[in-house]
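Take a look at the structure set out below.
Quick note on labels: first sequence line is chain A, next is B, and so on, each numbered from 1. This one's a predicted model, so the numbers in the text were calculated from it and none came from an experiment.
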Protein chains: 2
Amino acid sequence: IIHLEKITKNYKVGTQVVRALRSVSLEIHKGEYVAIMGASGSGKSTLMNIIGCLDTPSGGTYVLNKRDVSRLSDNDLAEIRNTEIGFVFQVFNLLPRNTALENVMLPLVYAGIRKHDRKDRATGTLADVGLSDRMHHKPNELSGGQRQRVAIARALVNKPSILLADEPTGNLDSVISEDIMKLFADIHRSGNTLVMVTHEMDIARHAHRIIKLKDGEIESDTVNPEP
Amino acid sequence: IIHLEKITKNYKVGTQVVRALRSVSLEIHKGEYVAIMGASGSGKSTLMNIIGCLDTPSGGTYVLNKRDVSRLSDNDLAEIRNTEIGFVFQVFNLLPRNTALENVMLPLVYAGIRKHDRKDRATGTLADVGLSDRMHHKPNELSGGQRQRVAIARALVNKPSILLADEPTGNLDSVISEDIMKLFADIHRSGNTLVMVTHEMDIARHAHRIIKLKDGEIESDTVNPEP
Ligand SMILES: Nc1ncnc2c1ncn2[C@@H]1O[C@H](COP(=O)(O)OP(=O)(O)OP(=O)(O)O)[C@@H](O)[C@H]1O
Ligand SMILES: Nc1ncnc2c1ncn2[C@@H]1O[C@H](COP(=O)(O)OP(=O)(O)OP(=O)(O)O)[C@@H](O)[C@H]1O
Ligand SMILES: [Mg+2]
Ligand SMILES: [Mg+2]
């Protein structure tokens with residue numbers, strides 16, 4: 001359902017051109033569980049932003065669910081993001097003036113869920129990530145790992161068919177990381193597609209397939225024999 | 001040089017009181033290398049902020065370098081921070097409108113270093129963390145791990161006698177993490193004191209002593225036999 005063909009992404013910094021992605025071609029099928037690894041700066045977040053329709057490529061094509069999304073307008077991309085994709089950002093991106101609960105309820109507004117049910121579902125998902133007693137805290141009243149878990153809950157709450165997670169456990173201890181990995185496994189078992197960036201092999205081991213990026217290109221793409 | 005006696009820290013959220021630190025007593029001597037571990041929300045960053053003079057305790061005393069800093073004014077705390085302590089924040093805290101180089105030069109302004117030398121030293125420290133080719137990028141033009149490395153460089157550039165690092169490798173792959181650990185080992189070998197929060201045992205193993213926090217209190221404080 002995710003088909004990238006010769007994707008490139010360039011940034012301009014002053015007079016310099018940074019080639020964040022040099023040529024990435026990749027297919028991910030419905031229900032796959034993929035981990036993306038690679039050195040800092042190798043292009044992982046840039047690739048995730050393109051897959052998640054947060055950014056458009058400089059070159060190449062991206063067909064998502066049989067639809068060419070490579071050059072869509074911001075409004076069309078926003079529609080796809082809100083209905084089909086859940087995204088856990090590497091730098092959380094929570095609304096600073098809203099509580100954890102309000103942040104997690106937000107995706108359900110786009111899904112047209114009524115307020116009472118939004119509150120129930122967001123409360124349930126926050127319980128799943130162990131934050132029942134922090135629901136009414138704003139982001140600056142939460143620890144780093146708690147903010148990360150709010151970002152995870154927000155991505156999961158509308159049960160997206162494609163879950164993209166960029167370093168979801170970077171700020172979490174091993175106990176909570178295991179809980180998060182179980183949640184992801186549940187999502188995967190319900191038939192959804194997961195793409196996860198991580199720098200930790202222990203986390204990548206949960207996936208069926210491991211893609212390694214190097215300098216904006218795919219260096220290797222291997223099946224994980226024992227997920 | 002760091003002496004905490006029955007330190008408590010409370011936050012008020014609406015009508016609720018959050019006891020982030022319940023009673024922490026702890027001594028760290030000059031030249032020690034200490035790792036602090038514990039579950040998400042256990043109080044590690046709160047403790048680091050008090051040690052680093054970014055926050056004052058609700059109760060208890062803190063004597064730093066023979067001086068009681070428990071109830072100092074913001075100005076006095078700022079003076080201590082800028083001259084004696086280097087701090088790597090869990091959420092980076094870079095100036096968004098300034099380049100990596102400018103962000104790393106900033107602590108040297110407080111140290112009274114002239115501009116030409118500030119530039120040289122900041123350039124050198126950015127090279128130490130592998131960011132020579134990203135010096136003129138602003139934070140939003142950098143990857144997550146690159147921002148983390150700018151935060152590390154900024155903390156190291158004025159060779160502080162006390163280095164405090166809150167999850168310094170949370171966004172870094174194992175290769176770069178090892179480079180950062182070597183840099184920290186150099187700082188330690190020069191006689192400085194290091195306190196590092198981490199959730200990864202592989203990183204904590206570099207320290208001589210491992211303190212575990214649980215629910216705002218010290219659960220264990222053990223010597224690491226093979227750092
Ligand atoms: N400004 C604040 N207002 C209210 N509660 C706060 C505030 N800052 C922190 N807390 C609470 O205090 C507790 C300790 O927070 P702290 O940031 O020290 O945890 P931590 O051990 O660093 O966690 P992590 O590993 O997730 O970064 C958490 O439960 C958090 O919700
Ligand atoms: N807006 C931008 N402008 C200029 N360069 C950028 C921009 N965003 C990213 N880059 C550069 O593109 C490269 C890839 O960035 P990306 O964020 O994808 O890396 P990453 O693999 O996610 O790294 P990390 O593991 O550190 O998060 C980096 O070298 C970065 O400096
Ligand atoms: Mg990234
Ligand atoms: Mg913390």
Side-chain angles (χ1 to χ4, degrees), chain A residues 11-16 18 20 37-46 48-49 89-92 94 99-100 129-131 133-149 166-167 169-177 179-180 197-202 204 212-214, chain B residues 11-16 18 20 37-46 48-49 89-92 94 99-100 129-131 133-149 166-167 169-177 179-180 197-202 204 212-214:
Chain A
Y11 293 109
K12 238 175 160 299
V13 181
T15 55
Q16 201 196 354
V18 174
M37 303 188 80
S40 172
S42 56
K44 306 179 296 295
S45 296
T46 304
M48 290 289 270
N49 289 341
F89 294 89
Q90 185 171 12
V91 279
F92 318 155
L94 302 176
T99 64
V129 297
L131 288 179
D133 59 351
R134 291 286 182 270
M135 285 200 299
H136 303 297
H137 285 225
K138 299 200 184 70
N140 68 346
E141 295 169 331
L142 292 171
S143 76
Q146 289 166 347
R147 287 178 215 178
Q148 190 160 34
R149 285 184 274 158
D166 195 346
E167 305 272 4
T169 61
N171 280 286
L172 301 176
D173 56 84
S174 44
V175 173
I176 295 192
S177 293
D179 293 341
I180 299 300
V197 168
T198 179
H199 64 264
E200 294 184 55
M201 203 56 211
D202 288 347
K212 285 206 177 111
L213 282 194
K214 184 176 169 153
Chain B
Y11 293 111
K12 240 178 160 297
V13 181
T15 55
Q16 200 195 355
V18 174
M37 305 187 78
S40 171
S42 56
K44 307 180 294 295
S45 296
T46 304
M48 291 291 269
N49 288 343
F89 293 89
Q90 185 172 9
V91 278
F92 317 155
L94 302 176
T99 64
V129 298
L131 288 178
D133 60 352
R134 290 285 181 269
M135 286 202 297
H136 303 297
H137 285 226
K138 298 200 184 69
N140 68 345
E141 295 168 331
L142 292 171
S143 76
Q146 290 167 346
R147 286 178 216 178
Q148 190 161 35
R149 284 184 276 160
D166 195 346
E167 304 273 4
T169 61
N171 279 286
L172 301 177
D173 56 86
S174 45
V175 173
I176 295 191
S177 293
D179 293 342
I180 299 300
V197 169
T198 180
H199 64 264
E200 294 183 57
M201 203 57 212
D202 287 347
K212 287 207 178 108
L213 282 194
K214 184 174 166 156

How long is the span from the NE2 atom in A/H136 to the CD atom in A/E141, to the nearest 0.5 Å? 12.0 Å
Less than 4.5 Å apart, any side-chain heavy atom of B/F92 and any of B/N171? yes
So which residue, B/K138, B/H137, B/R147, B/Q146, ends up with the most heavy-atom pairs under 4.5 Å with chain A? B/H137
Any idea which of B/G170, B/S143, B/S174 has the most non-hydrogen atom pairs under 4.5 angstrom with chain A? B/G170
How long is the span from the CG atom in B/L142 to the CG atom in B/L94, to the nearest 0.5 Å? 8.0 Å
Counting only N and O atoms by type, is there a donor-acceptor contact under 3.5 Å from the side chain of A/K44 to the main-chain atoms of A/L213? no
What option among B/G43, B/G41, B/S177, B/G14 has the most heavy-atom pairs under 4.5 Å with chain A? B/G41
Between A/Q148 and chain B, which part of the residue has a heavy atom less than 4.5 Å away: side chain, backbone, both or neither? neither
Turns out that what part of B/T169 lies under 4.5 Å from chain A's heavy atoms comes down to backbone
Residue part contacting chain B, namely of A/L172, when any heavy atom lies under 4.5 Å: both
Compare every heavy atom of B/R149 with every heavy atom of B/I180, then report the nearest pair and how far apart it is. CD1-CG, 4.4 Å
Who among B/M201, B/M37, B/H199 has the most heavy-atom pairs with chain A under 4.5 Å? B/H199
How far apart are the C-alpha atoms of A/V18 and B/R134, what are their side-chain angles, what is the distance that settles it, and do they pass the side chain to side chain contact (heavy atoms under 4.5 Å, CB included) test? CA-CA 10 Å; A/V18 174; B/R134 290 285 181 269; 3.5 Å; yes
Give, as side chain, backbone, both or neither, the part of B/E167 having an atom under 4.5 angstrom from any heavy atom of chain A. side chain
Part of B/V91 lying under 4.5 Å from any heavy atom of chain A: side chain
Let's test your reading of the structure: which of B/S45, B/A39, B/A20, B/G38 forms the most heavy-atom pairs below 4.5 Å with chain A? B/A39
Region of B/E200 in contact with chain A, defined by heavy-atom distances below 4.5 Å: side chain
Go through the atoms of B/S40 and report whether side chain, backbone, both or neither lie under 4.5 Å from a heavy atom of chain A. both
